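Written below as structure tokens is the structure these notes are about.
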Protein chains: 2
Amino acid sequence: MKSITIIDVAKKAQVSVATVSRVVNGNYPVKDSTRRKVLDAIKELKYIPNIQARELNTQHSSIIGIILPSLFNTFFAEVINGIESFTATSGYSLLLTYTKDNPISEKKCMNELLMRNVSGIINISPNTEKVASDFFDQIAERIPMVFINSYIKRPAISYVNNDERIGTKIALEYLISLGHRNICFIRGDRSDSYEFKQDIYEEVMKKLNNFKEEYVLNIGAGNSIETVELAANKIMETLKEHKEITAIFSCNDLMGIGAVNGCHRLGVNVPKDVSIMGFDNVFLSHFIEPKLTTMDQNMMTLGWTAASLLMEKIANDNKTSRQVVLQNTLVLRDTTAPCRDLKK
Amino acid sequence: MKSITIIDVAKKAQVSVATVSRVVNGNYPVKDSTRRKVLDAIKELKYIPNIQARELNTQHSSIIGIILPSLFNTFFAEVINGIESFTATSGYSLLLTYTKDNPISEKKCMNELLMRNVSGIINISPNTEKVASDFFDQIAERIPMVFINSYIKRPAISYVNNDERIGTKIALEYLISLGHRNICFIRGDRSDSYEFKQDIYEEVMKKLNNFKEEYVLNIGAGNSIETVELAANKIMETLKEHKEITAIFSCNDLMGIGAVNGCHRLGVNVPKDVSIMGFDNVFLSHFIEPKLTTMDQNMMTLGWTAASLLMEKIANDNKTSRQVVLQNTLVLRDTTAPCRDLKK
DNA sequence: CTGAAAGCGCTAACAT
DNA sequence: ATGTTAGCGCTTTCAG
């Protein structure tokens with residue numbers, strides 16, 4: 001099982017290891033005939049360079065670590081796609097770690113990445129408590145980091161955010177413009193983005209003089225395989241008790257889909273009886289029936305921008321940080337309609 | 001930016017590097033008071049061990065490489081979840097690479113993993129041509145590999161497969177039992193699993209004396225963000241020309257959902273006019289309306305088993321290979337019904 | 001253009 | 001129980 005090393009190649013080609021290294025990396029002049037000998041030896045021995053050794057030596061890794069809460073919400077897949085679209089040609093590869101929406105696991109992920117000496121870290125939708133603590137602060141000094149959709153600012157970190165606050169406001173105001181007053185709010189645990197959406201929700205509802213604690217529904221896991229079901233159940237429960245509710249704002253599309261299903265099971269018509277607003281515009285929001293009205297987060301751009309900010313940080317030796325804010329756009333589809341009460 | 005090494009810790013704690021290594025790894029006895037000194041130094045300096053150096057030394061990495069075609073089909077996310085459920089406690093972490101359904105990129109992924117000295121590789125739904133060639137053969141000798149849902153057998157590789165052939169047969173026979181005769185078949189490019197499903201399809205249809213080339217629909221990208229749309233378009237096109245078609249078999253749920261949408265746009269009622277059968281039982285197949293009838297592949301078990309086979313291989317120094325076959329089960333939901341022609 | 005050799009950070013004999 | 005030291009495979013001065 002002994003693997004082929006640069007020494008084997010050097011012997012076979014009858015040159016020094018330095019020369020082999022040079023032809024492998026193409027960073028120093030090598031005579032053509034020599035190069036050929038080396039290349040032949042490499043091919044014959046099926047030599048594969050050991051990146052760990054190389055990177056140990058150069059003190060630099062070509063991996064970008066990505067931390068994401070889950071793979072079940074394709075939101076993340078779409079963001080990663082954006083990241084990849086930027087890094088594809090850059091020689092970096094992506095090490096994905098995922099936290100399963102669990103803060104302890106998120107810490108483990110960070111450590112894992114640090115030990116592996118990644119060149120930088122992109123954290124998608126980081127955990128609130130952790131950001132609030134200075135957990136990331138120390139790390140950000142050592143290693144370039146960019147956060148996607150995180151709202152507590154740290155000087156050493158770069159950010160790309162959708163302005164989810166404004167997005168939330170627009171969404172809510174749209175519902176209100178349709179005549180809805182009794183709007184409930186579905187969220188999950190712990191992510192920053194839920195907190196900020198909820199702030200806006202409270203603000204808007206209080207202005208309407210209609211904020212009620214019972215309308216804030218926390219389903220726990222917001223990005224898991226069970227999210228849709230959790231949301232459906234919560235909505236059924238809530239709608240039974242609060243028949244006055246005519247609209248639902250969901251913090252992400254998975255919850256929105258759950259809400260749609262919950263209504264269906266209750267025999268409640270969407271959008272005639274109840275309007276439902278999603279958030280994200282995940283690709284599957286077109287596919288469900290009725291198609292989900294939602295806020296587009298443009299995940300591709302989000303990912304692409306994050307990657308570009310990270311590259312910038314890496315290039316600057318982690319000296320500078322920047323913040324980019326993207327705007328959400330409302331995507332009107334089939335789950336929202338004028339409030340039923342208007343007809344009375 | 002110089003990072004803290006084991007030497008710094010040793011100096012600070014006034015012990016040798018070996019002692020530091022011992023307390024970090026906990027593999028040799030260390031006096032309590034010494035351990036404390038070292039631990040203090042580690043904490044104070046914020047020392048993080050360099051895994052690359054460790055693994056270079058031990059000639060063993062704690063990474064399992066995973067190759068998957070895409071993240072857009074949550075099939076893969078669900079399989080990874082299964083893998084993770086096995087490895088969570090084992091100290092291995094997962095390096096995900098994805099091929100975007102592209103054979104060249106798949107080769108790059110393999111190489112990337114090899115250079116990183118991963119302990120083993122799990123390849124989900126590998127590329128046909130590559131498997132048919134002996135590309136993987138040589139690699140499998142050097143490094144433990146397990147394939148999920150691949151059908152060309154190589155002695156050095158372990159396999160977990162759903163018996164998609166039998167699954168396909170059952171699905172098709174179910175459609176036939178509903179009276180369907182004009183059944184079309186949607187597939188994507190290149191994955192083994194499409195080939196084998198198509199073989200069965202041809203066999204079954206020929207037995208019915210009703211095999212027609214035009215009923216085999218290849219939409220290209222089978223796991224991409226566009227898959228649903230591609231399938232929808234293809235179905236619209238096909239149904240316009242072949243009004244006699246009363247049932248559609250789709251190689252995965254994404255295509256099945258696309259087929260449902262295509263029918264809707266055409267004003268074709270599912271399942272009254274046309275029955276649609278999915279494959280996989282991806283979690284979102286419950287959420288669409290009408291809910292998709294499909295073949296469950298039990299992705300969790302698939303992933304879990306793959307991980308266990310890989311661990312077995314690693315433990316055996318890659319000497320033994322095994323094959324595990326899982327059975328699919330038919331999940332009856334709302335997209336299939338008796339053939340409309342029966343009523344005539 | 002090429003070779004010799006130091007050293008990246010760590011582990012594991014081998015000594016003591 | 002602890003220290004000394006030889007590498008792991010590679011890159012990169014420094015000489016030639």
Side-chain angles (χ1 to χ4, degrees), chain A residues 1-39 41-42 45-63 91 111 114-119 142-143, chain B residues 1-39 41-42 45-63 91 111 114-119 142-143:
Chain A
M1 275 283 282
K2 181 92 181 55
S3 68
I4 306 295
T5 76
I6 199 171
I7 300 180
D8 302 315
V9 177
K11 273 190 194 134
K12 182 117 204 159
Q14 314 205 55
V15 295
S16 73
V17 292
T19 303
V20 177
S21 170
R22 285 175 191 124
V23 345
V24 168
N25 294 295
N27 49 358
Y28 290 93
V30 175
K31 216 202 309 178
D32 251 12
S33 63
T34 318
R35 181 195 318 286
R36 194 161 330 254
K37 273 197 301 183
V38 173
L39 255 18
I42 287 176
L45 296 173
K46 294 177 192 127
Y47 167 66
I48 296 178
N50 181 326
I51 294 200
Q52 314 205 55
R54 172 185 301 165
E55 294 185 345
L56 175 58
N57 199 292
T58 56
Q59 303 282 76
H60 145 287
S61 112
S62 52
I63 296 192
N111 251 306
L114 290 178
M115 297 203 289
R116 297 219 171 271
N117 245 318
V118 295
S119 313
R142 299 166 75 138
I143 184 167
Chain B
M1 274 283 281
K2 180 92 181 56
S3 69
I4 307 296
T5 75
I6 198 170
I7 299 180
D8 302 315
V9 178
K11 272 191 195 132
K12 181 115 204 161
Q14 314 205 55
V15 296
S16 74
V17 293
T19 303
V20 177
S21 171
R22 284 175 192 124
V23 344
V24 169
N25 295 295
N27 48 0
Y28 289 93
V30 174
K31 216 204 306 180
D32 251 12
S33 62
T34 318
R35 180 195 318 285
R36 193 161 332 250
K37 273 197 299 182
V38 173
L39 256 19
I42 287 176
L45 296 173
K46 292 177 195 129
Y47 167 67
I48 297 178
N50 181 326
I51 294 200
Q52 315 204 54
R54 174 188 297 165
E55 294 185 346
L56 176 58
N57 197 294
T58 56
Q59 303 280 78
H60 147 287
S61 111
S62 52
I63 296 193
N111 252 305
L114 289 177
M115 296 203 288
R116 296 218 172 270
N117 245 319
V118 296
S119 311
R142 299 166 76 141
I143 184 167

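None of the values given here were measured: they were computed from a predicted structure. Every chain is numbered from 1 and lettered A, B, ... according to where its sequence line falls, protein lines coming before strand lines.
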Length of the line joining I42(B):CD1 and dC10(C):P, which is rounded to integer Å: 10 Å

Among dT11(D), dC10(C), dA12(C), the one nearest V17(A) by side-chain distance: dT11(D)

Distance below 4.0 Å between N50(B) side-chain N/O and dC8(C) OP1 or OP2: no

Salt-bridge contact D8(B)-K11(B) (side-chain N to carboxylate O under 4.0 Å): no

Rounded distance in Å - NE2 (H60(A)) to C1' (dC10(D)): 15 Å

Whole-Å gap separating C1' (dT4(D)) and CD1 (I7(B)): 13 Å

Integer-rounded Å distance: dC1(C) P and D32(A) CG: 9 Å

Minimum-distance nucleotide (side-chain atoms of S21(B) versus dT11(C), dC10(D), dA12(C)): dT11(C)

Any Q59(A) side-chain nitrogen or oxygen under 4.0 Å from OP1 or OP2 of dG9(C): yes

Backbone of V30(B) reached by a side-chain donor or acceptor of R35(B) within 3.5 Å: yes

Side-chain N or O of S16(A) closer than 4.0 Å to phosphate OP1/OP2 of dG3(C): yes

Short side-chain donor-acceptor distance under 3.5 Å, S61(A) and Q52(B): no

d(NZ, K11(A); P, dT2(C)) in whole Å: 20 Å

Nearest-neighbour nucleotide for the A53(A) side chain, dG9(D), dT2(D), dC10(C) considered: dG9(D)

Among dT11(C), dG9(C), dG3(D), the nucleotide that comes nearest once only the side chain of T58(B) is considered: dT11(C)

L56(B) vs K31(B), nearer the 5' end of DNA chain D by closest nucleotide: K31(B)

Selected nucleotide, minimal atom distance to A18(B) side chain, candidates dG3(D), dA4(C), dT11(C): dG3(D)

Basic-acidic side-chain contact under 4.0 Å: R116(A), E55(B): yes

dC10(D) OP1/OP2 closer than 4.0 Å to side-chain N/O of Y47(A): yes

Side chains of S119(B) and I63(B) in contact at under 4.5 Å (non-hydrogen atoms): no

Under 3.5 Å: donor-acceptor pair, side chain of T58(B), backbone of R54(B): yes

For atom OH of Y28(A) and atom C1' of dC14(D), their distance in whole Å: 11 Å

Selected nucleotide, minimal atom distance to T34(A) side chain, candidates dG9(C), dC1(C), dA4(C): dC1(C)

Nucleotide dA13(C), atom P - distance to CG of N27(B) in whole Å: 10 Å

Spacing of I6(A) atom CD1 relative to dA4(C) atom C1', expressed in whole Å: 14 Å

Sugar-phosphate, base or nothing in reach of V15(A), heavy atoms under 4.0 Å: sugar-phosphate

V30(B) side-chain proximity, nearest of dT13(D), dC10(C), dT2(D): dT2(D)

Residue-phosphate contact under 4.0 Å: N25(A) side-chain N/O, dT11(D) OP1/OP2: yes

R22(A) side-chain proximity, nearest of dT11(D), dA12(C), dC14(D): dC14(D)

